[in-house]
Amino acid sequence: MLPDRLETDRISLRPAVVADAGALFAAYASDPEVARYTTWRPHASVSDTEHFLQSCSGRTAACTFALVERGSNRPIGVFDLRRPQPSRVEYGCALGRAYWGQGLMTEAVCAAVAWAFAQPDIWRFGAFVDLENHASARVMEKAGLIREGVLRRWLVHPNLGPAPRDCASYAVTRVEGR
């Protein structure tokens, strides 16, 4: 239903496991700046990250990948693929701040888009982003996703307050006949 692994020249996406908790806690999960526009609060301990990874195992319509630099098995972020319907794939991601601005997440999104459209029954690949999260919006645009519109009061980002915030919907779709 979802890929076992995705690879690019510089990164590998492999299933995240509980043993990744320490590295993921240090790389991104404890960082308030990484968590700023997410639907979760920064993790207070490695135990929080372990619980998150345990909750990811066993899902069939979603997979949380550890994003690792090629040649290393040390996770520097996560990439979540979800298939809420057979024809649609959505993603979410987080990357350690030390790795921002290097194009690694754009590579991950491009690899996921390529995988998705190699599947004959997937017609849409997309995500939502807070209107103020310009860096993530730019990643989506560089990966070929198109801003479709604004979803008012769409998601709560607890690090920014209790009220749902406006988000932009981005997607790329399969063209009929391809």
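For clarity, every value in this text was computed on a predicted model and none was experimentally measured. Counting from 1, the numbers follow the sequence of the chain as shown.
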Can you name the residues that form a salt bridge (Lys or Arg N to Asp or Glu O under 4.0 Å) with [X], not counting sequence neighbours?
| X | result |
| --- | --- |
| Asp4 | none |
| Arg153 | none |
| Asp80 | Arg59, Arg82 |
| Glu141 | Arg138 |

Could you name each residue pair satisfying salt bridge (Lys or Arg N to Asp or Glu O under 4.0 Å) that touches [range], not counting sequence neighbours?
| range | answer |
| --- | --- |
| residues 113-126 | Arg83-Asp121, Arg124-Glu148 |
| residues 60-73 | Glu7-Arg70, Glu69-Arg74 |
| residues 105-120 | Arg10-Glu107 |
| residues 12-32 | Arg14-Asp20, Asp31-Arg97 |

Exercise. Val17: which other cluster members, linking ILVMFWY side chains closer than 4.5 Å, directly or transitively?
Worked result: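 When side chains under 4.5 Å apart are linked, Val17 ends up in no cluster with other residues.
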Name all pairs fulfilling the ring pair (Phe, Tyr, Trp, His ring centres under 6.0 Å) condition that reach into [range], sequence neighbours left out, sorted by first residue then second.
| range | result |
| --- | --- |
| residues 45-83 | Phe79-Tyr91 |
| residues 92-113 | none |
| residues 132-168 | Phe128-Trp154 |

Problem set entry | Positive for side-chain contact (heavy atoms from CB on, under 4.5 Å) with Leu24, one of Val46, Leu53, Leu67 |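 Exactly one candidate clears the test, Leu53.
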Does the [X] side chain pair with the main chain of [Y], one donor and one acceptor, at a distance under 3.5 Å?
| X | Y | value |
| --- | --- | --- |
| Arg147 | Ala168 | no |
| Asn159 | Ala35 | yes |
| Ser169 | Gly149 | no |

